[in-house]
Every structure is written in C-alpha cells, then in structure tokens.
Amino acid sequence: MLALPPGTKATAHGWIKTRRDSKGVHFIQINDGSSFPDLQIVLEAGKTVEETLAKATTGAAVRVSGEMVESPGKGQAVELRAETLEVIGASPPETYPLQKKRHNLETLREFGHFRPRSNTFGAVFRVRNALAYAIHKFFQERGFLYVHAPILTTSDAEGAGAMFQVTTLDVANPPRSPENGGRIDYTKDFFSKPAYLTVSGQLEAEIFALAFTNVYTFGPTFRAENSNTPRHLAEFWMIEPEMAFCDLEGNQQLAEEFLKYLISYVMEHCRPDLEFFNQRYEPSLLATLENVAGSEFARLPYTQAVEILEKSGRQWEFPVSWGSDLQSEHERYLTEEIFKRPVIVTDYPARIKAFYMRSNDDGKTVRAMDVLAPGIGEIIGGSQREERLDVLLEKLREHRLPEENYWWYLDLRRFGGVPHSGFGLGFERMMMYVTGMKNIRDVIPFPRTPGHAEF
Ligand code: 4AD
Ligand code: MG
C-alpha cells in the first residue's frame, strides 16, 4: 500500500478490511493487495454523506483522496487523512461471507473467490509470486534455457500410471473395434491414440538438454493419485532442470544451491509476509529458513538411511526394510530428528524408482536422489538418467513399457547421447516450506484434490 511521506497528496483504492468508529472520526483499514500492511484512512465525521459512509463496510471497494500524515497511532508510520471517500463497490454486511471475525483455513477454502483478500492469503500469494520470479531469475542468471513442455501428452514420463486421460470420444458410447476384442477404438480419438495430461515435463526437457545443455521447465503437472493428504494435489506446478554432461554429484549441488537461493530471495523480498507466518502459523519459520540458507545439506545413500531407520527403535506405521519405499514418517524422522536440516538421500533400489534412472554397478540400485525437508518430507525428486542404450532397453523391458512408445527417447541415446541429470521441485511443496503453511491446499490459488475442483 501507499507509504508516501507525510505532506503528500494521495489517492488510494482498495478493499476495506476493518472499520472502527470513534468520537468524531472513522478509522478505515484498506488494502489493495500490494503489501502486507494495510493503509489506515482517517475520516473526520461529517466529511462524507451518511449514505456513502453506511456503505463503507468490510469487503467494500473504495477510493480515497487526501493527504498523507504522520500517524499518532500504533501499527503504521503514516496514514491517509481523507478529504473524499467514494464507495465504488458496496459489500452488504448482512451477506458478505468474510465479515471481520477470523476464519479458519478450512472455511476460507470454501470461499476461494474471497480468500485472496484475507491477510493470510494476501501473504501466501505475494510469496508465491516472488518465489516464481526467483526461480526464473536463478536459472536465467546461470544461462539455463526455459523450455515449455507440453501439457497434453501421449507418453507416460514416470511410467507409473496415475494419469488423467483426455479424450473427445463420447464416453457414454465410445467407438469399439470388433477386431480388437471390442476394446475402445482410439484411432477415432482426437489424437488418434490415447492422450493424457502430463505428469512431468522431464522427458521433453531431456530432448532440449541434449541440444542446449542446461534447460528447465516450469509448468503445471497432473497426477490422478487418490492421495488425500496435506502434501498432494491433483494439479501442481513443477520446476524441472535438466543438465547434459552432468552426473548425480552436479545434480545434488545444483539442487542445494537452488533451494538456498530461493530461501534467501524470499527472506530478502517478502519479509513482512514471512514475519506474519512466523507469528501466526509457525514460530520457528524464520529461524529454520535462516539456518537452512547457511547450512550444508546432509547426504547419504538409501541403504544407510534404512539402517538408521531400522536402528531407531521406533514403531513405524509402515515397517521399513531394504527395498521398501520411504514413507513420509521415515523421511521426516531423518530430516527432523536425525539431521535437523535438509537431507539428500541417493541410490535407491531400482525396483521402487522410474525406468529412466541410471543403474549402478551393484545391479540393485539406481542413481536417484530425493531431497527431504523438515516438516514436509520429499520436496525434490531427481536422478542421473540412463544414457546407455542397451541398459535402457533392458530397463524398459523390466518395467513392461513398450519400446515403440519411447523410440525418440531411445534415439537420444543412439545419436549424440551424453551423461545427463536433472530433478523436479514441487512448487507447492516449496511454498509450504517457505511459508510454514501445513496444508498444500492453502498455497495454490485453486486446489484440485480428489472430489474437489471448485472455481
Ligand atoms: O519425484 P517426482 O515424481 O519426480 C518427477 O516427476 C521427475 N520426473 C522429476 C525429474 O527428475 N525431472 O516429483 C517431483 C516433485 C516431488 O519431489 C514433489 O515435490 C512434487 O514433485 N510432487 C507433488 N507435489 C504436489 N502434489 C503431488 N501429487 C506431487 N507429486 C510430486
Ligand atoms: Mg518422487
């Protein structure tokens, strides 16, 4: 909001947060979304016709002109002494859903069209904006090429199902081919074959890395997993850098530098918002962020992580032994209780990871890396990619993936292939980390989860 020096003539507009009337004067807090602090309007009684004043209620849109003056009150250095007040859009108090009493986050979620006007979501979306900018800044400063990976795709990047199918066929009565056992005839579909919303832009990023060396994607991705947890969305944004001539060591270095850069950026540029989160939602937020920006991430192989978990003496909800995937409870134990900082776990069993990860010589593990963050668990997943054609062909067979669907991916190994690596950062997981918000639904403008796709 306006923070002009005292004595300046000013016109401000925004939405009324609160209003307090005292003897001979009205105090009206307005905000236009530009910063955490509201602008305090001081309006002498009698300056405005009663009718206008009656409409100046919480949620109304107003325009105010007057002069900036030093504020004698607490909470702001300057305030706007109003000469004129105009109500541009009234907000009838009897029916406005967000009257001034504090609302919990669940209630606010039902009012996705009004929650951006609240203190909490004002702060969330300013941080989200800054974080998106910082992501581009980080990669652009390092010469990475921004690639737009397709959203509609016919290939499954993770080879794990969980894709939303996109079709223009009549779902009530799809064409069927009798020669093919009566199965749906996708040659009649829009793309002449089954199509989906992408789960990851990685495979397309690999194409570009093998031409531009260092690239990144930043776009929406979709997963039809039925996981109703505070950390999963059906539509989320992912940042996927991909680097040619780079092994897992370089990949880990980039991931660590990237996360620290983003944390430092928001600490520098979103201070009032972060202070609010620290005060209202997560009292250790600022201390944690400062600590992470200055400390080295722990690094250890999966096998060692499993040994630590087995020796912990804990009762796990999901038992852990070599070969099983790490669950959120295990990830959080490692990062919150053992290392007390972000942890990079590498070299997972091949069986629990995607087909494209590079095989290690032990024949059992792959060059995978997950970055785990306190309070969140997995925030980044990545790997060195399998660049050896014969090994990749074998892996496609093991994962029961049809070779012909990946012809172009295999070509990248046949012609000018090089070792290359990359990772994916979940944008909303990172948002949770830097804001301390506990539910992923509260860090994206319009959350999509099983059973929910409002607005
Ligand atoms: O570990 P994931 O599945 O990795 C990939 O998709 C790779 N193709 C990335 C790469 O190597 N280029 O997903 C990457 C990250 C996760 O670590 C997590 O932060 C986030 O994406 N993520 C989700 N965020 C919100 N909701 C979901 N359902 C998510 N699934 C993954
Ligand atoms: Mg993962």
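Whatever order the structure lists them in is the order used to number ligands and atoms, beginning at 1. As a basis for the values below, the full set of heavy atoms in this structure was taken, side chains included, without hydrogen atoms, waters or symmetry mates.
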_Row check, Phe427 ring normal vs Arg128 NZ/CZ: under 6.0 Å, within 45°_ = no
| field | Beyond-backbone contact of Thr198 with Leu152, side-chain heavy atoms, under 4.5 angstrom | value | no
Hey, does the side chain of Thr435 reach the backbone of Met431 with a donor-acceptor pair shorter than 3.5 angstrom? yes
With a cut-off of 2.8 Å, strictly less than, protein N/O/S atoms near the Mg ion (ligand 2) add up to 1
* To do: Establish, for the pair Arg280 and Phe277, whether the NZ or CZ atom is under 6.0 angstrom from the six-membered ring centre and no further than 45 degrees off its axis.
  => no
| message | Tell me if a side-chain donor or acceptor on Asp32 pairs with a main-chain N or O of Ala12 at a distance below 3.5 Å. | response | no
- If we only count heavy atoms from C-beta on, is the Ile440 to Pro230 side-chain gap below 4.5 Å? no
Checking Glu206, Glu386, Glu387 against Arg413 for salt bridge (charged side-chain N to carboxylate O under 4.0 Å, His left out), the one that qualifies is Glu206
Per the under 4.0 Å non-hydrogen criterion, ligand 1 touches Glu158, Ser200, Gln202, Arg223, Glu225, Arg231, His232, Leu233, Phe236, Met238, Glu240, Tyr356, Glu378, Ile379, Ile380, Gly381, Gly382, Arg385, Gly422, Phe423, Gly424, Gly426, Arg429, Ile440
Quiz item: Hey, does Asp189 have a side-chain heavy atom less than 4.5 Å from the side chain of Thr168?
Solution: yes
query: When you check the gap from the basic side-chain N to the acidic O, do Glu378 and Arg332 get nearer than 4.0 Å?
result: no
